[in-house]
Amino acid sequence: MEKENIAVGLDIGTTKIVAMIGKKNEYGKLEILGVGKSKSLGVARGVVNNITQTIQSIQQAIQEAENNSGYKIKDVVVGIAGQHIRSIQHTDYISRNNPEEVIGGNDIQLLIDQVNKLAMLPGEEIIHVLPQEFKIDGQSEIKEPIGMYGGRLESSFHVVVGQASSIRNVGRCIQSSGIELSGLTLEPLASADAVLSQEEKEAGVALIDIGGGTTDLAIFKDGIIRHTAVIPFGGNVITDDIKEGCSIIEKQAELLKVKFGSAWPGENKDNEIVSIPGLRGREPKEISLKNLSKIIHARVVEIVDQVFTEVKAYGHEDPRKKLIAGIVLTGGGAQLKHIKQLVEYITGMDTRIGYPNEHLAGNSDEEISSPLYATAVGLVMKSIENKTQSAVRMDAIEQPKAAVYRQAVVQNPVVNEILEKEEDEEDQNSNEKHNSTVNRIQRNFFDRYVDKIKDFLDNAE
């Protein structure tokens with residue numbers, strides 16, 4: 001039987017951490033096997049600021065995904081964002097020793113490796129080197145150079161750069177959670193994979209992913225990534241504004257935004273009021289929905305203006321760079337009522353809400369098809385590209401039940417002696433089978449005791 005290619009994506013966001021396990025079905029669509037979600041406690045504006053809390057949140061999401069799917073996670077592809085991310089355009093070339101030989105993948109890899117050696121600012125690291133268009137011996141606008149002849153191979157690159165310490169902190173959190181890091185992807189690129197069609201990328205499109213702490217932008221034209229940016233504002237800033245403007249606690253502000261919030265204040269009548277329970281027996285607070293919409297509107301306009309400034313910096317007004325497919329909104333912030341109309345009004349560009357359901361199998365849960373999970377779905381798709389076996393079935397690694405009892409009664413030497421005699425034969429058969437898996441599981445507080453028992457059993461044999 002063919003081995004299942006199980007993929008895992010981990011979206012470390014500012015408001016939530018999502019672990020998603022999936023595989024491709026026979027129709028080439030993504031079948032989601034399990035999802036785990038936890039509140040993100042150690043991340044601010046896409047950057048880890050509390051290692052311990054982030055590890056706990058990751059472990060919680062991983063545990064939930066494992067319980068829902070029946071798979072044990074080994075490694076993940078992680079999304080990276082944050083205000084430290086920036087992108088640059090760079091052109092580089094190589095001179096080939098033998099122009100009579102056709103250009104192969106090795107030549108392109110040589111060129112990419114050369115760009116990876118670029119000198120960055122102190123403390124910065126290259127995350128992605130994305131080739132755009134190639135030029136061979138002066139002939140430009142070549143999209144696929146493999147198989148062609150030429151002596152000088154040149155290409156323009158979109159280079160994504162981030163702060164080395166922030167990237168390492170993410171890696172540290174992953175490994176401390178007991179899993180391996182199999183890949184790192186810029187979050188807007190993952191979201192783009194999940195919600196954009198190839199036709200939109202060809203025609204020209206701007207993807208705006210409105211998250212909790214950041215708003216990510218990715219611009220595509222002629223099927224090639226042209227520009228990326230991270231704006232350090234997101235849905236949390238809107239919640240903070242509501243909290244301050246209405247003098248209520250954060251939990252109530254978030255609930256108000258989700259249930260009654262609108263980015264278009266003209267819609268609400270003056271007499272529409274919602275009552276918020278008072279704290280500790282205080283009188284309930286009445287809040288006008290019109291005022292609520294005005295607060296939300298002011299902040300959303302600011303976020304959209306900043307994103308549109310980036311779109312204009314790319315050169316959208318140039319007819320050759322025009323984004324014919326307009327704007328696609330995704331992320332949790334895209335669920336805000338009337339945000340599509342507001343973005344169209346400010347930018348004058350066609351806008352739609354991006355759902356990841358195009359790539360999902362038909363029987364997928366409706367919740368997973370939400371823009372909220374666009375990045376997580378995109379990360380699973382990236383993990384599938386890596387062709388790694390990122391998770392294995394729990395029943396394939398299940399330890400003998402008696403081993404669990406041993407762990408529980410580890411302090412009782414008499415009981416241990418009886419168990420050791422009874423299970424000596426069983427352990428001998430299963431030790432080999434489980435060793436490789438056990439080594440991958442994070443060493444926790446009890447593992448030290450379990451290892452001592454194992455050593456004793458091995459010597460006894």
Side-chain angles (χ1 to χ4, degrees), residues 9-18 40-55 57-58 76-90 115-130 157-177 181 183-192 206-219 225-237 240 302-303 305-311 313-314 330-333 374-376 378-379 382:
L10 185 69
D11 175 14
I12 303 176
T14 306
T15 49
K16 68 180 189 324
I17 290 177
V18 178
S40 183
L41 296 172
V43 182
R45 293 192 170 169
V47 178
V48 174
N49 63 5
N50 186 320
I51 294 277
T52 311
Q53 285 186 327
T54 306
I55 291 167
S57 297
I58 290 171
V76 293
V77 168
V78 176
I80 192 152
Q83 60 200 86
H84 62 94
I85 302 285
R86 68 184 183 96
S87 61
I88 52 174
Q89 291 296 119
H90 176 73
V115 178
N116 269 310
K117 291 172 188 163
L118 274 178
M120 290 291 120
L121 293 173
E124 282 192 333
E125 210 170 82
I126 292 175
I127 300 169
H128 288 297
V129 173
L130 305 164
F157 290 92
H158 184 76
V159 184
V160 179
V161 182
Q163 210 172 5
S165 58
S166 296
I167 297 164
R168 289 199 185 101
N169 285 340
V170 169
R172 166 113 191 271
C173 290
I174 300 298
Q175 285 174 328
S176 300
S177 302
L181 183 63
L184 203 64
T185 297
L186 187 65
E187 291 202 346
L189 295 181
S191 304
L207 176 84
I208 302 172
D209 184 345
I210 306 168
T214 58
T215 299
D216 305 332
L217 170 72
I219 295 176
I225 180 82
R226 300 291 180 182
H227 186 66
T228 51
V230 178
I231 286 101
F233 297 111
N236 285 5
V237 192
D240 286 344
E302 187 188 346
I303 293 169
D305 276 341
Q306 286 205 36
V307 175
F308 195 43
T309 302
E310 289 285 347
V311 174
Y314 148 76
T330 194
T375 304
L379 291 169
K382 289 280 182 196

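Note that the coordinates shown come from a computational prediction; the quantities given were computed from them, not determined experimentally.
Taking CD1 of Ile126 as the reference point, atom CG of Asn116 lies at 5.0 Å (rounded to 0.5 Å). To the nearest 0.5 Å, atom CG of residue Asn169 and atom CG of residue Asn50 are 11.0 Å apart. Atom CG of residue Leu186 and atom CD1 of residue Ile225 lie 8.0 Å apart, to the nearest 0.5 angstrom. The line from CD of Glu124 to CD1 of Ile167 is 9.0 Å long, rounded to the nearest 0.5 Å. Between atom CZ of residue Arg45 and atom CD1 of residue Ile231 there is a gap of 12.0 Å, rounded to the nearest 0.5 Å. In this structure, Ile58 CD1 and Ile174 CD1 are separated by 4.0 Å, a value rounded to the nearest 0.5 Å.
When atom types are taken as modelled, the side chain of Thr228 and the backbone of Ala218 share no donor-acceptor pair closer than 3.5 angstrom. No donor-acceptor distance shorter than 3.5 angstrom exists from the side chain of Ser87 to the backbone of His227, with no hydrogens or angles considered. Side chain of Ser40 to main chain of Gly13: a donor-acceptor pair is present (N/O by atom type, distance under 3.5 Å, no hydrogens or angles).
Between Ser191 and Thr330 the shortest heavy-atom distance is CB-CG2, 4.3 Å. Considering all non-hydrogen atoms of both residues, Leu379 and Gly9 come closest at CB-CA, 3.8 Å. Residues Val161 and Ile127 share a closest heavy-atom pair of C-CD1, 4.1 Å.
For the pair Thr214 and Gln83, the minimum side-chain heavy-atom distance is 4.5 Å or more. Side chains of Val230 and His84 form no contact here, defined as non-hydrogen atoms less than 4.5 Å apart.
For the 3.5 Å distance criterion, the side chains of Asp209 and Thr375 qualify, holding a donor opposite an acceptor.
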- [ ] Decide yes or no on side-chain contact (heavy atoms from CB on, under 4.5 Å) for Met120 and Ile88, but give the supporting numbers first.
- [x] CA-CA 11 Å; Met120 290 291 120; Ile88 52 174; 3.9 Å; yes
Open item on the list: Between Val160 and Ile85, is the side-chain contact (heavy atoms from CB on, under 4.5 Å) condition met? List the steps.
Closed with: CA-CA 7 Å; Val160 179; Ile85 302 285; 3.9 Å; yes
- [ ] Step by step, work out the side-chain contact (heavy atoms from CB on, under 4.5 Å) result for Ile55 and Arg172.
- [x] CA-CA 9 Å; Ile55 291 167; Arg172 166 113 191 271; 5.6 Å; no
